Every structure is written in structure tokens, then in C-alpha cells.
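Indexing begins at 1, ligand by ligand and atom by atom, following the structure's order. Model, not experiment: these values are computed from the prediction. Residue numbers count from 1 along this sequence.
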Amino acid sequence: MSLPTRRSWAEPFKIKMVEPVRMTSREDRERAIRQAGYNTFLLRSADVYIDLLTDSGTSAMSDRQWAGMMLGDEAYAGSANFFHLEEAILRYYGYKYIIPTHQGRGAEHLISKILIRPGHVIPGNMYFTTTRLHQELAGGRFVDVIIREAHDPASTHPFKGNFDLEKLEDLIRKVGEKNIPYVSLATSVNMAGGQPISMANLRGLRELTAKYGIRIIHDATRVAENAYFIQQREPGYASRSTASIIHEICSYTDGATMSAKKDALVNIGGFLALNEPELFEEARNLVVVYEGLHTYGGLAGRDMEAMAIGIAESVEDDHIRARVGQVQYLGEKMMSYDVPIVVPIGGHGVFVDAKRFLPHLTQTVYPAQALAAAVYLDSGVRTMERGIVSAGRDKETGCDHTPELELVRFTVPRRVYTQAHMDVVAESAAFVYAQRDKIRGLRMTYEPRYLRFFQARFEEL
Ligand code: PM9
């Protein structure tokens, strides 16, 4: 008997409670996707077998988090859980002042209202749907200054989330630093495929923005995953803990918006974090208008407690290794079946390249949307379009944005699915790939005004 060629590792937890999922028939799925207008957001979850729509709010909480829920202090003002949350944010991210919000976009709304005026320009390392919309609704214009490689699904650059600092400086000189309220920095760039920014690039960004007196506002939604990639890939960080890398990342920024529904392992919640007392005061004033009192911001006390505990768990090395490791496993499995995906494999999901998957479809017939529907039809696996539908329309011209990346995101919830689930998903992607010639494009029959990908409807061509 020969010895195995490797020593495997496994998740740093065991399962204590299960939720049954149900496989449906092809006939059921055909009916469901038609009724959903070929939009996976409009499916009922009861019709889904393995749900890889998003990693947002879909994580499994730990027994400690559930125990924390029982310690909810539901006082209207000054809840003990708020102070726990404040301590956790200071300890793990280093930000001084915090405002809880119901989720990430609540924080984006507040910071955009506080800092952006009509005519302002907000440079960033690729747009995110809700972030850009709030910047636009406040009168600003987002300008993408991510490196060119981020738009190339086949580029193996290890830090595709990096800023093109030359491009950014040219922009600052062109529009003037007074017209740039802040630079919008995302760690683990979602729309690029969950790609990290390097610490070296971030340091360069800090130097450049300091030279012009411009703030950096950090979308910290997936900062732990970014920190893990720095530990794995960047010289000088291999022996550093994820927690210390997260701290260093945040130290180069002036504030953060957070959707705690991702890294921070809760089903609902977010916050705005700031270091400047004047901005904090503005945020305290505004939060009571849109979210709730400044010590709960639209959350129950129990939600804040679960978040405080989730933040601490999210920075543990064993956790993040298993979390990103599972995503890498899925990506490698798909590659072994020749399914074209974005490389390097990202932190929160595997992004299938719909342009290479469906070369017979032009972007005008929504290939990624059609592919997400086809995967659902094959196996009941729910994924999400991240291409021309998500990109929406140009604020000024009203024309469709036409992103180079036309992707289907297979997003992996944290601590929820097993390796066998990942096998089923990869096999489904392979089967759909084998029958790719049969996939037809779509026509949009209903387009909502904002964030159209959530509720748009389509029919098959
Ligand atoms: N992201 C996601 O599935 C959920 C809604 S959009 C499909 O990826 C970043 C980087 C995010 C994000 C949400 C938000 C907004 C901000 N920044 O959903 O409002 O990925 O908590 O956060 C989603 P909320």
C-alpha cells in the first residue's frame, strides 16, 4: 500500500446543526427559471439546491455567535452590545469611531452624503454596484483607476486589485484634488473576481493621497480575505498573522464602510468607521435620519453582539485558510474540467468567464445572465451574473456600461457547504460547458431604474 502524496487539511469546525436542501427535477427548474424571468435573484430559495448566489448574509454563525445572540441588550439607547462592537472594531481594524448600519449600503449612503458634492470625482479600484450608485446619487462620478490586468480574466497578476497610481495621479492633476473627496479603496475587489490589493500598492496609494491631502475610504467588506492573500503571496508577510495584516491595511486608510454580512460572518449588519471626529459628528447626525440611533443604526442588540464575535472569528488564521481554501478547491476542480474561469482564483467565489464559455453570444444578449440560468437548469445550483447587466447604465449618457469582464460568480458562503457540494457544483459547470453551443442569449423585458441586476426580467431569444 502506498502512502498518500499529500497531507490534507480540513475545516477548523465540526457541524452541529443541519438544514435540509432539496434537489428538484429539471421540469421544476424550467418552470421556476421562466417564472423568475431568467434572473436568479427572482428564484425562490426553496427551488434552489446549492445556493452560490452570494456570500452576503449567508454564512453559518458559530455556536459562540448564537450564544451571543442570547446576550442581546435590546435597550433603545446605549446597548452593551454596541460597546462590544466598538471594542472589536477598534481592536481588529483600528478605527476610532463607529456608526452601526443595517448593512453595507447604509454606511455607503452616509459617507456619500457627508463627503460628496455635485461635480465631485471619486477614483477607485473598480466599481461596486451599490457603492457607485450612492456616489452618483450624491452627485459624484466614479472613475476606475484599477490596473489594466484586472480587466483581463486570463492575467495571472497576483494583485489584480492594485491601483494604477500613475493613472490616479494624472486624474488628480486633471480634475484637481479639491474635487476628489476621497479615494474609494476596496480590499478583495469583488467585481474583478475577488482579487486582492498588495500592501506595497496600498502604501504607494497612501503616499500619493497624502501628497494631495485626499482621504482614503476603505470598503472593508472582505478585508480578511485580502489579508490572507497578502500573507500567502507578498514578500515579507509569510510569517505575519492575518489579524496583524488587517490592522496594517486599515492603518493606511481614513475610514471604512463595512458590509459585515461577508467577512464578519453575520446574517445582517454593517458599519461606518471613521478616525476624524468632525466626520463622525456628521455621521452621528445623519444616522438618526436614515438608520436609527447612533448606538444601534438599524440593528438589534443581538445582531451587534453576533457581529462583534464574528469579527474576532473572521481574523483567525485557521478560519481564513479554510474559507479561501474551499474557494480555491472549487476553482481548481473547474479548471481540471477546462471550464474557463478568472485567474488567479478569488477569495469569495469562482468567477466563470462567460465570454470564453459562450463565444457565440455577443454581450448585447447577456451571456453571463444566460449562463447563470443554464447552470441553474442543469443542477439547481444558483449563481449570479457579474457583467453587463450588473454594470448598468452610464449616469450621463444613459447608455449601457460594457465591462470587459462578463462573468458568472459562483460565490461560496462561509462555513456552509462541504467539499462534496463543491464537487457537485464543478461537475455541473463541466456538464453545462460540454453543452455550451445550445445556450441561447436573452432579451431584457423589464429594466428597473436602480441596480437593475436585482430585479430585471428576461426571456430567451
Ligand atoms: N455585496 C454581493 O453579493 C450583496 C449585494 S450586491 C449583489 O457581493 C461590497 C464590496 C460588497 C457589497 C455587497 C456591498 C454592499 C458593499 N461592498 O449588501 O449593503 O460586496 O451589505 O453591502 C453583495 P450590503
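- Identified under the salt bridge (charged side-chain N to carboxylate O under 4.0 Å, His left out) test for residues 311-321, with sequence neighbours left out: Arg64-Glu313, Glu313-Arg415.
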Fill in: Thr40 and Arg382: CA distance, side-chain angles, deciding distance, side chain to side chain donor-acceptor pair (under 3.5 Å) verdict
CA-CA 6 Å; Thr40 50; Arg382 170 154 69 171; over 6 Å; no
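- Looking only at heavy atoms of the protein, atom 16 (C) of ligand 1 is closest to Glu108 OE2, 3.1 Å.
- The shortest separation from a heavy atom of Arg386 to ligand 1 is under 4.0 Å, placing the residue in contact.
- By the criterion of a heavy-atom distance under 4.0 Å, neither the backbone nor the side chain of Met258 is placed next to ligand 1.
- Residues passing the salt bridge (Lys or Arg N to Asp or Glu O under 4.0 Å) test with Arg356, sequence neighbours excluded: Asp353.
- Under the 6.0 Å cut-off for aromatic ring centres, Phe357 and Tyr433 qualify, their centroids lying closer than that.
- The Phe453 neighbourhood of ligand 1 comprises atoms 7 (C), with distances under 4.0 Å to a heavy atom of that residue.
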Discussion item. Evaluate Thr209 against Tyr182 for side chain to side chain donor-acceptor pair (under 3.5 Å), listing each step before the verdict.
Written reply: CA-CA 9 Å; Thr209 50; Tyr182 61 89; over 6 Å; no
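- Under a 4.0 Å criterion applied to the non-hydrogen atoms of Arg105, ligand 1 contributes the atoms 5 (C), 18 (O), 19 (O), 22 (O), 24 (P).
- Listed by atom number, the atoms of ligand 1 under 4.0 Å from Thr54 heavy atoms are 2 (C), 3 (O).
- Closest to atom 14 (C) of ligand 1, if we only count protein heavy atoms, is Phe128 CE2, 3.5 Å.
- Set against the non-hydrogen atoms of Gly104, the atoms of ligand 1 under 4.0 Å away are 19 (O), 21 (O), 22 (O), 24 (P).
- For Tyr127 and Ser184, the side-chain atoms include no donor-acceptor pair closer than 3.5 Å.
- Using modelled atom types and a 3.5 Å distance limit, the side chains of Asp263 and Ser314 yield no donor-acceptor pair.
- Looking only at protein heavy atoms, the nearest one to atom 13 (C) of ligand 1 is Lys262 NZ, 2.7 Å.
- Counting only heavy atoms of the protein, atom 22 (O) of ligand 1 lies nearest to Ser259 CB, 3.3 Å.
- Using cut-offs of 30° and 60° for the angle between ring planes, the Tyr93 and Phe271 rings count as tilted.
- A ring-centre distance under 6.0 Å is not found for Phe159 and Phe229.
- Between Thr131 and ligand 1, a contact under 3.5 Å exists for no N or O pair.
- Within a 6.0 Å sphere centred on CZ of Arg393, other residues, nucleotides and ligands contribute more than 12 heavy atoms.
- Near Thr221, meaning under 4.0 Å from one of its heavy atoms, ligand 1 places the atoms 9 (C), 17 (N).
- For the residue pair Thr418 / His421, a side-chain donor-acceptor distance below 3.5 Å is found, with atom types taken as modelled.
- Scanning both residues, Met69 and Arg302, for their nearest heavy atoms gives O-CB, 3.3 Å.
- The protein atom (non-hydrogen) at minimum distance from atom 24 (P) of ligand 1 is Gln103 NE2, 3.2 Å.
- Ligand-side atoms of ligand 1 in range of Ser56: 4 (C), range being under 4.0 angstrom from any heavy atom.
- Protein heavy atom at the shortest distance from atom 15 (C) of ligand 1 is Thr130 OG1, 3.5 Å.
- Under a 4.0 angstrom heavy-atom cut-off, Arg222 registers as being in contact with ligand 1.
- Contact annotation for Met126 and ligand 1: no heavy atom of the residue comes within less than 4.0 Å of the ligand.
- Here the protein heavy atom with the shortest distance to atom 10 (C) of ligand 1 is Asp219 OD2, 3.3 Å.
- Heavy-atom contacts of Lys261 reach the following atoms of ligand 1: 21 (O) (cutoff under 4.0 Å).
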